[in-house]
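These notes are about the structure you will find just below.
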Amino acid sequence: MAGTVKKFVFSTSLAAGMITISGTSVLAASLTNATVADSDYSLYDSNGTSTFVQPSAKLSTILGGNSNSPGGNIELFSSSERLSGGEFTQYAGVTSLAGTIGGKDITLSSLTASDWDSKVGGVTLAKRWFNEALSANGLGSLIGTREGGTLYNSFVANGGRQRFSDPNISYVNQDDITGEIKIGLAGHYDAKSLLLGVIPASLESLISDTTVQASEIVKVTYNGETHYLYNFKATNSGLFALNDGFSHNGNYELLLAGMPPARVPEPCAILSLIGLGGLLATKRTMKNV
């Protein structure tokens, strides 16, 4: 009888300990099998405080961050800002980052003029993004006005679209339970410098005294559907680009509803079941004593 009691206590302790270990597992998947299509891209590595161009950087390293620690990034279509309006309109190629996340294929791409001209919710993507940028930065009253129209036309004519067509992707992660996919874009915490020179000088005073936040746009194809993702709320990345001293200091996290990956029982979970089975078997033995 005493021996049986000892077995019972040991089995209970074992099962409880294993269940606790199982509950601490990390539930996050990252992009795997990453490849880049086209050669128009730049790789930025990170030393924890700054980012710098590093052609030999590994995608698995620079894409391994999260919102708390973004790390390096890959800039797609890195030559976009050097294109004139006519060249950008004629440009048909894209630079894409493709891989697998949660067992499903995902492709993240730069934008072309045809993307900006595509219809989203009854208006062009360009108009929708620009109006949302105005609203998010306290300038919503300009939408539909002559002044707002002047801003938009100047933005398009002076290369504004090119400046927001080259997303710098710093991470792609997925919650293993909800399936939600989080994409980090390295950008400017204050994007004012991206707008100066592409809007009329007479209207620059509208943004001179405020922080302007706006991410670049990334085109995402996932589970048979295509989405244009962006937002207007940055967090401080704790980084800056060595080549200019301020780029990449903002992290814009984009969210996409994803398919929860098929869960494979972890070894510790399997051992928990084994321990629980031992506990039940011991209980049955005690009843027979």
Please report the C-alpha distance between Tyr41 and Ser110 in whole Å, then the side-chain angles of each, then the deciding distance to 0.1 Å, and finally whether the side-chain contact (heavy atoms from CB on, under 4.5 Å) criterion is met. CA-CA 10 Å; Tyr41 65 90; Ser110 58; over 6 Å; no
With distance as the sole criterion, is a donor-acceptor pair present between the side chains of Thr49 and Asn47 under 3.5 Å? yes
Got a second to check how far Ser50's OG is from Asn249's CG, nearest 0.5 Å? 12.5 Å
Hey, can you pull the donor-acceptor pairs under 3.5 Å for the side chains in residues 52-65, sequence neighbours left out?
from, atom 1, to, atom 2, distance (Å)
Gln54, OE1, Ser56, N, 3.4
Gln54, OE1, Ser56, OG, 2.8

Could you check whether any side-chain heavy atom of Ser42 comes within less than 4.5 Å of a side-chain heavy atom of Tyr44, counting everything from C-beta outward? yes
Does a side-chain heavy-atom distance below 4.5 Å link Thr51 with Asp45? no
Are Trp129 and Tyr228 an aromatic pair, judged by ring center distance below 6.0 Å? no
Indicate yes or no: at least one non-hydrogen side-chain atom of Leu142 is less than 4.5 angstrom from one of Leu206. yes
So which of Thr226, Asp105, Thr107 actually passes side chain to side chain donor-acceptor pair (under 3.5 Å) with Thr221? Thr226
State, to 0.1 Å, how close Ser247 and His188 come at their nearest heavy-atom pair, and which atoms those are. OG-NE2, 3.5 Å
In this structure, would Val212 and Tyr152 fall into the same cluster of hydrophobic residues linked by side-chain contacts under 4.5 Å? yes
For the CZ atom of Arg163 and the CD atom of Glu81, what is their distance to the nearest 0.5 Å? 6.0 Å
Between the side chains of Tyr252 and Glu216, is a donor N or O closer than 3.5 angstrom to an acceptor N or O? no
Give a yes-or-no answer on whether the side chains of Thr112 and Asp115 include a donor-acceptor pair shorter than 3.5 Å. yes
Strictly by modelled atom types, are Ser96 and Ser109 linked by a side-chain donor-acceptor pair under 3.5 Å? yes
Does the side chain of Leu151 come within less than 4.5 Å of Pro200's, by heavy atoms? yes
Between Asp117 and Thr124, do the side chains contain a donor N or O and an acceptor N or O under 3.5 Å apart? no
Is there a chain of hydrophobic side chains (I, L, V, M, F, W, Y, each step under 4.5 Å between heavy atoms) that links Leu256 to Met259? yes
For Ser30 and Asn173, test the side chains for any donor-to-acceptor distance below 3.5 angstrom and give the result as yes or no. no
Under the 3.5 angstrom rule, does the side chain of Ser154 hit a backbone N or O of Thr150 as a donor-acceptor pair? no
Quick check: is Leu134 connected to Leu196 through a chain of hydrophobic side chains (ILVMFWY, heavy atoms under 4.5 Å apart)? yes
Can you name the closest pair of heavy atoms from Ser67 and Glu253 and give their distance? CB-OE1, 3.2 Å
Please determine, by modelled atom types, if Asn66 and Ser69 share a side-chain donor-acceptor pair under 3.5 angstrom. no
When the ring centroid of Phe240 is compared with that of His248, is the distance short of 6.0 Å? no
To the nearest 0.5 Å, what is the distance between CD1 on Ile183 and CG on Leu31? 9.5 Å
With rounding to the nearest 0.5 angstrom, report the CG to OG1 distance, Asn137 to Thr210. 6.5 Å
Cluster check Leu125, Leu195: I/L/V/M/F/W/Y, side chain < 4.5 angstrom: yes
Set out, in order, the CA-CA distance, both residues' side-chain angles and the distance that settles side-chain contact (heavy atoms from CB on, under 4.5 Å) for Val94 and Asp38, then state yes or no. CA-CA 7 Å; Val94 296; Asp38 197 68; over 6 Å; no
Indicate whether the side chain of Ser165 and that of Ser80 have a donor and an acceptor atom separated by less than 3.5 Å. no
Residue pair Ile143 / Ser135: nearest heavy atoms and the distance that separates them: CD1-OG, 3.3 Å
Do Ile199 and Ile207 have side chains that approach each other closer than 4.5 Å (heavy atoms only, starting at C-beta)? yes
Between Tyr91 and Phe77, is the ring centre distance below 6.0 Å? yes
May I ask whether Ile74 and Ile101 are part of the same hydrophobic cluster, defined by side-chain heavy atoms of I, L, V, M, F, W, Y residues being less than 4.5 angstrom apart, directly or through others? yes
Ignoring hydrogens and angles, tell me if any N or O in the side chain of Thr145 forms a donor-acceptor pair with the backbone of Gly148 under 3.5 Å. yes
Using the side chain to side chain contact (heavy atoms under 4.5 Å, CB included) definition, which of the options Asn231, Asn168, Ile169 pairs with Leu185? Ile169
Is it the case that the side chain of Glu180 and the backbone of Asp175 share a donor-acceptor pair, with hydrogens and angles ignored and the cut-off at 3.5 Å? no
Regarding Glu75 and Ser78, is there a side-chain donor-to-acceptor distance under 3.5 Å anywhere? no
Lys233 side, atom NZ; Asn251 side, atom CG - distance, nearest 0.5 Å: 12.5 Å
Begin with the C-alpha distance, continue with both residues' side-chain angles, and end with the deciding distance and a verdict on side-chain contact (heavy atoms from CB on, under 4.5 Å) for Asn73 and Tyr171. CA-CA 7 Å; Asn73 66 79; Tyr171 59 85; over 6 Å; no
Answer yes or no: are there more than 12 heavy-atom neighbours, outside Lys182 itself, under 6.0 Å from its atom NZ? no
Kindly indicate whether the side chain of Lys219, heavy atoms from C-beta on, has any atom under 4.5 Å from the side chain of Leu108. no
Give me the atom names and distance for the closest heavy-atom approach of Ser170 to Ala186. OG-N, 4.2 Å
Give me the atom names and distance for the closest heavy-atom approach of Asn158 to Gly197. CB-O, 4.0 Å
Determine whether the aromatic ring centres of Phe130 and Phe155 lie less than 6.0 Å apart. yes
Residues at least two apart in sequence or cross-chain that pass side chain to side chain donor-acceptor pair (under 3.5 Å) with Tyr222, listed by chain then number, are none
Spacing of Tyr189 atom OH and Asn236 atom CG [to the nearest 0.5 Å]: 6.5 Å
Quick check: closest heavy atoms across Lys192 and Ser208, and the distance to 0.1 Å? CE-O, 3.9 Å
